[in-house]
S.K.: 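Let me begin by handing over the structure; questions about it come next.
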Amino acid sequence: GDSVTQMEGPVTLSEEAFLTINCTYTATGYPSLFWYVQYPGEGLQLLLKATKADDKGSNKGFEATYRKETTSFHLEKGSVQVSDSAVYFCALSDPGAGSYQLTFGKGTKLSVIP
Amino acid sequence: KAGVTQTPRYLIKTRGQQVTLSCSPISGHRSVSWYQQTPGQGLQFLFEYFSETQRNKGNFPGRFSGRQFSNSRSEMNVSTLELGDSALYLCASSTGRTGGYTPNTEAFFGQGTRLTVV
């Protein structure tokens with residue numbers, strides 16, 4: 001079946017540091033890929049997405065590129081802020097599933113200190 | 001546009017009881033999915049409903065069930081609660097379409113219902 005593997009952390013960075021969270025996937029079909037973010041006490045919010053190979057999703061300074069050859073979708077940000085502290089989830093949706101469902105990684109908790 | 005609304009936000013139940021959680025999707029959205037989030041297992045797919053029909057179900061026991069009404073609102077029910085059912089239950093809505101999959105579809109999540117079983 002489908003699966004998503006991401007570094008679990010926790011990750012602690014100083015403000016303005018560079019962020020990378022690795023994400024790799026396995027899927028039977030040609031999936032769409034997503035990064036979701038969860039702030040304390042909240043549900044999930046879509047951060048960015050990509051639907052085909054070499055697509056780059058970007059939002060709020062975060063970027064991720066759909067790499068089919070390495071089955072990866074790593075999240076990056078050049079300069080993190082304290083407000084970026086949250087849990088980040090990599091996810092995929094697979095057209096072979098026959099319905100709309102997301103398969104998530106375990107999540108990576110990011111803490112940014114001033 | 002109102003977001004996804006889940007009620008109640010918090011619940012405390014006793015082992016053996018049953019519970020019903022409610023989800024109101026974004027207006028116009030026909031697909032509703034449910035997920036269970038726990039520290040150990042992370043986010044796991046429970047089921048998806050589209051136009052009152054369950055299209056897919058995750059690997060959960062039959063104690064977990066759901067339904068969707070004609071206005072797209074959805075409920076999930078857990079019977080004979082166990083301590084391990086303590087979790088955050090998240091509902092997600094999306095536009096959806098017949099046939100199941102649109103590559104660009106975005107899922108919008110509610111804030112969740114925190115269920116504690118004691």
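Note on naming: letters A, B, ... go to the chains in the order of the sequence lines (proteins, then strands), and numbering restarts at 1 for each one.
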S.K.: Please check if A:Tyr88 and A:Tyr66 belong to a single hydrophobic cluster, counting links between Ile, Leu, Val, Met, Phe, Trp and Tyr side chain heavy atoms closer than 4.5 Å.
M.R.: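 In one cluster with A:Tyr88: A:Tyr66, yes.
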S.K.: Could you check whether any side-chain N or O of A:Tyr36 sits under 3.5 Å from a backbone N or O of B:Phe109, counting only pairs where one atom can act as donor and the other as acceptor?
M.R.: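 Such a contact is absent between A:Tyr36 side chain and B:Phe109 backbone.
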S.K.: Would you say that more than 12 heavy atoms from the other residues, nucleotides or ligands in this model lie under 6.0 Å from the CG of B:Asn59, or not?
M.R.: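 No - once you tally the heavy atoms of other residues, nucleotides and ligands closer than 6.0 Å, there are 12 at most.
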S.K.: Could you look at B:Tyr35 and say if it's the side chain, the backbone, both or neither that has a heavy atom under 4.5 Å from chain A?
M.R.: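 Just its side chain gets close to chain A.
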S.K.: Assess the pair A:Phe104 and B:Phe45: is the distance between their ring centroids shorter than 6.0 Å?
M.R.: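 Ring-ring flag for A:Phe104/B:Phe45: false, centres at least 6.0 Å apart.
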S.K.: Grouping I, L, V, M, F, W and Y whenever their side-chain heavy atoms are under 4.5 Å apart, do B:Leu83 and B:Val19 come out in a common cluster?
M.R.: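 Per the 4.5 Å side-chain linkage, B:Leu83 and B:Val19 are co-clustered.
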S.K.: Tell me whether B:Leu21 is reachable from B:Phe47 by hopping between hydrophobic residues (I, L, V, M, F, W, Y) whose side-chain heavy atoms are closer than 4.5 Å.
M.R.: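 Cluster IDs for B:Phe47 and B:Leu21 match.
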S.K.: Could you tell me which portion of B:Gln6 (side chain, backbone, both or neither) has an atom closer than 4.5 angstrom to a non-hydrogen atom of chain A?
M.R.: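 Neither the backbone nor the side chain of B:Gln6 comes within 4.5 Å of chain A.
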S.K.: Show your working on side-chain contact (heavy atoms from CB on, under 4.5 Å) between B:Trp34 and A:Gln101 and close with a plain yes or no.
M.R.: CA-CA 9 Å; B:Trp34 288 89; A:Gln101 66 181 81; over 6 Å; no
S.K.: In terms of hydrophobic clusters joined by side-chain contacts under 4.5 Å, are A:Leu44 and B:Leu115 together?
M.R.: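 Per the 4.5 Å side-chain linkage, A:Leu44 and B:Leu115 are not co-clustered.
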S.K.: Look at the side-chain heavy atoms of Ile, Leu, Val, Met, Phe, Trp and Tyr, link any pair under 4.5 Å apart, and say whether B:Tyr49 and B:Phe69 land in one connected group.
M.R.: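 No, it is not one cluster - the side chains of B:Tyr49 and B:Phe69 are not joined through contacts under 4.5 Å.
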S.K.: What verdict does the side chain to side chain donor-acceptor pair (under 3.5 Å) test give for B:Gln111 and A:Glu42, after you've listed the backbone C-alpha separation in whole Å, the side-chain angles of each residue and the deciding distance to 0.1 Å?
M.R.: CA-CA 5 Å; B:Gln111 290 186 295; A:Glu42 300 291 321; 2.8 Å; yes
S.K.: With a 4.5 angstrom heavy-atom cut-off, which part of B:Leu90 approaches chain A: side chain, backbone, both or neither?
M.R.: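 B:Leu90 touches chain A through side-chain heavy atoms alone.
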S.K.: Are A:Thr103 and B:Leu43 close enough that some pair of their side-chain heavy atoms sits under 4.5 Å apart?
M.R.: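 The answer is no, as the side chains (C-beta and beyond) never meet within the 4.5 Å cut-off.
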S.K.: Take atom CD of A:Gln81 as the centre, draw a 6.0 Å sphere, and report whether it contains more than 12 heavy atoms from other residues, nucleotides or ligands.
M.R.: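 Yes, the 6.0 Å shell around CD holds more than 12 heavy atoms from other groups.
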S.K.: For B:Arg114, is it the side chain, the backbone, both or neither that has a heavy atom under 4.5 Å from a heavy atom of chain A?
M.R.: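 No part of B:Arg114 comes within 4.5 Å of chain A.
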S.K.: Which region of A:Gln38, side chain (C-beta onward) or backbone (N, CA, C, O), has a non-hydrogen atom less than 4.5 Å from a non-hydrogen atom of chain B, or is it both or neither?
M.R.: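 Side chain only.
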